[in-house]
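Any value given below was found using the heavy atoms of this structure, including those in side chains, with hydrogens, waters and symmetry copies removed. First listed ligand is number 1; within each ligand, the first listed atom is number 1.
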Amino acid sequence: MSVVGFDLGNESCIVGVARQRGIDVVLNEESKRETPAIVCFGDKQRFIGTAGAANSTMNPKNSISQIKRLLGRKFADPELQRDLQSFPFRVSEGPDGFPLVHARYLGEEHAFTPTQLLAMVLSNLKAIAEDNLKSAVVDCCIGIPVYFTDLQRRSVLDAATIAGLRPLRLFHETTATALAYGIYKTDLPENDQLNVAFVDVGHASMQVSIVGYKKGQLKMLSHAYDRSLGGRDFDEALFKHFAAKFKEEYKIDVYQNARACIRLRVACEKLKKMLSANPEAPMNIECLMDEKDVRGFIKRDEFEQISAPVLERVKGPLEKALAEAGLTTESVHFVEVVGSGSRVPAIIRIITEFFGKEPRRTMNASECVARGCALQCAILSPTFKVREFQVNEGFPFSIALSWKPDSQNNEPQQTVVFPKGNPIPSVKALTFYRSNTFAVDVLNVETEDLQVTQKISTYMIGPFQSSKGEKAKLKVKVRLNIHGIVSLESATVTCNTMSYHLPLEKHITSL
Ligand SMILES: Nc1ncnc2c1ncn2[C@@H]1O[C@H](COP(=O)(O)OP(=O)(O)OP(=O)(O)O)[C@@H](O)[C@H]1O
Ligand SMILES: [Mg+2]
């Protein structure tokens, strides 16, 4: 049995494996710890990971990146539409309303679903783990953003199945970080609670969690996030700035040329990284377009000015996480930053001002999610003996059930079965008195915040027999499983002393 953790980033992926002496991050075929999350389709073959990234500037239209952004979302989703404006590859609406990604592969046009593309990335990560462990890898834990909806979670599980993996858990990225932080701590208080805020700024999103630690356990006190605030937004601000500048100075419009766009974006990302360590940085690109070499220059102050709209949004998730945890900044003992996007100095300044204390970088900012996932896999797997450490996870959304009462004229009834913060996993039982087959809907409560449809799935319960003129008593079990997916598990009819299970017919909503 394998014990592996995968951090599936929007930009890069990391593979952690459990060995008898601890968790290791393993190297890919290029001896790198980070593997780009890119699939590049060529005329003769397909390149994934490091090779995919190496080929992407030559072949931008067939290089598919940021697959996590496309997963489990409708084509019409406004956030997806915004993302598509900066992607060099073509995406269309499939017959089911979900996106299809187009690429030229082996001399032919192909259309892939985001799930298929994610499966390719996962297969590559699986192969990296297998090369290192010299054995088959099936059991694993996969990191997912805390804001992933039911459909996105199901898509990750589907992609994992296609790749031949069996996730023991889809594990929230911030919880993975919190576990990697806490499990080795020997000085956790026995009676008091140590409160730590984790801020993860990645490539495309920002997540904040506040965690309460006691000896041998952690409890997630709150989760907050901005799904569209990450390192790439700074690249985009720089990109727009330089695209306009070069148009004026060199009379070139990079928007008209996919290769020039991707080269300028790569240069902007490099520039942003330079500005994290230096007060100013140059930009030189040879032969960017129309055989023109371009030169530019920017100071950190100016960079912060042009990215002010992005920086203004950093405080939002911090405030929300603190409020939902019911804490004050004084009662948060430590602030830990992770995710490479947090290396922008202005972000650290905002976090410092907000909490009134310097954030710390106790952990390896890019590896902690993979390490936490590998640790969780080790805890769940019988293969390893891991130090006793309890992870009390809270579900980030509320889930309700809705049904129509037996009599025709009444309004549908609704009850929240798993309120926000509900422990994962969890089972609840509801009792119904019914004479006929009936439908129960599983619903998202915070539809606006998540930009999802309200209905997740519908279950038909029945048929069943009830004694004349009397309604049967039915017990329905609802499960919030370890991956954060809700389903109706069983329905049982009890009449006199007999009880029997009823058939459940399920329909997943894809509207
Ligand atoms: N020195 C640096 N200064 C500023 N930004 C940096 C630096 N190094 C890396 N980054 C940025 O960090 C981002 C990648 O961070 P990370 O690897 O944590 O993201 P990810 O896990 O792939 O994405 P996500 O968490 O959104 O799925 C990129 O936007 C990258 O440009
Ligand atoms: Mg990340």
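Between Arg154 and Asp158, none of the side-chain N atoms (NZ, or NE/NH1/NH2) sits under 4.0 Å from a carboxylate O, so this pair counts as no salt bridge.
Side-chain atoms of Tyr147 and Ser205 form a donor-acceptor pair, as typed in the model, at a separation below 3.5 Å. Counted by atom type alone, Glu30 and Thr50 present zero donor-acceptor pairs between their side chains at under 3.5 Å. With no hydrogens or angles considered, a side-chain donor-acceptor pair links Asn364 and Ser366 at under 3.5 Å.
When hydrogens are left out, the protein atom nearest atom 11 (C) of ligand 1 is Lys272 NZ, 3.6 Å; that is the closest non-hydrogen contact. Residue, atom and distance of the protein heavy atom nearest to atom 1 (N) of ligand 1 are Arg343 CD, 3.5 Å. With respect to atom 21 (O) of ligand 1, the closest heavy atom belonging to the protein is Gly9 CA, 3.7 Å. Nearest to atom 25 (O) of ligand 1 among the protein's heavy atoms is Gly202 CA, 3.5 Å. In this structure, atom 10 (N) of ligand 1 lies nearest to the protein heavy atom Ser340 O, 3.4 Å. Given atom 4 (C) of ligand 1, the protein heavy atom at minimum distance is Ser276 OG, 3.1 Å. With hydrogens left out, the protein atom closest to atom 14 (C) of ligand 1 is Glu11 OE1, 3.5 Å, a heavy atom. In terms of protein heavy-atom proximity, atom 31 (O) of ligand 1 is closest to Glu269 OE2, 2.4 Å.
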Note to self: salt bridge (charged side-chain N to carboxylate O under 4.0 Å, His left out), that's the test. Do Glu236 and Arg265 meet it? Break it down for me.
What the structure shows: CA-CA 7 Å; Glu236 199 58 25; Arg265 281 212 163 82; 3.0 Å; yes
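A ring-centre distance under 6.0 Å is not found for His102 and His110. Between Phe41 and Phe47, the distance from one ring center to the other does not fall under 6.0 angstrom. Less than 6.0 angstrom separates the ring centroid of Tyr255 from the ring centroid of Phe239. Checked against the 6.0 Å centroid criterion, the rings of Phe75 and Phe98 do not qualify as a close aromatic pair.
Those atoms of ligand 1 that come under 4.0 Å of a heavy atom in Ser12, given as number and element, are 17 (O), 22 (O). Near Gly339, meaning under 4.0 Å from any of its heavy atoms, are these atoms of ligand 1: 18 (O). Under a 4.0 Å criterion applied to the non-hydrogen atoms of Ala204, ligand 1 contributes the atoms 26 (O). The Gly231 neighbourhood of ligand 1 comprises atoms 29 (O), with distances under 4.0 Å to a heavy atom of that residue. Distances below 4.0 Å separate heavy atoms of Arg232 from the following atoms of ligand 1: 29 (O).
Within a 6.0 Å radius of NZ in Lys245, other residues, nucleotides and ligands contribute 12 heavy atoms or fewer.
For ligand 1, none of its N or O atoms has an N or O atom of Glu173 under 3.5 Å away. At a 3.5 angstrom cut-off on N or O pairs, Asp200 does not count as close to ligand 1. Considering both main-chain and side-chain atoms, His203 comes within under 3.5 Å of ligand 1 through a nitrogen or oxygen pair.
Looking at Lys273 against ligand 1, both its backbone and its side chain come within 4.0 Å, counting heavy atoms.
Taking the six-membered ring for Trp and thresholds of 30 and 60 degrees, Tyr181 and Phe198 have ring planes more than 60 degrees apart, a perpendicular arrangement.
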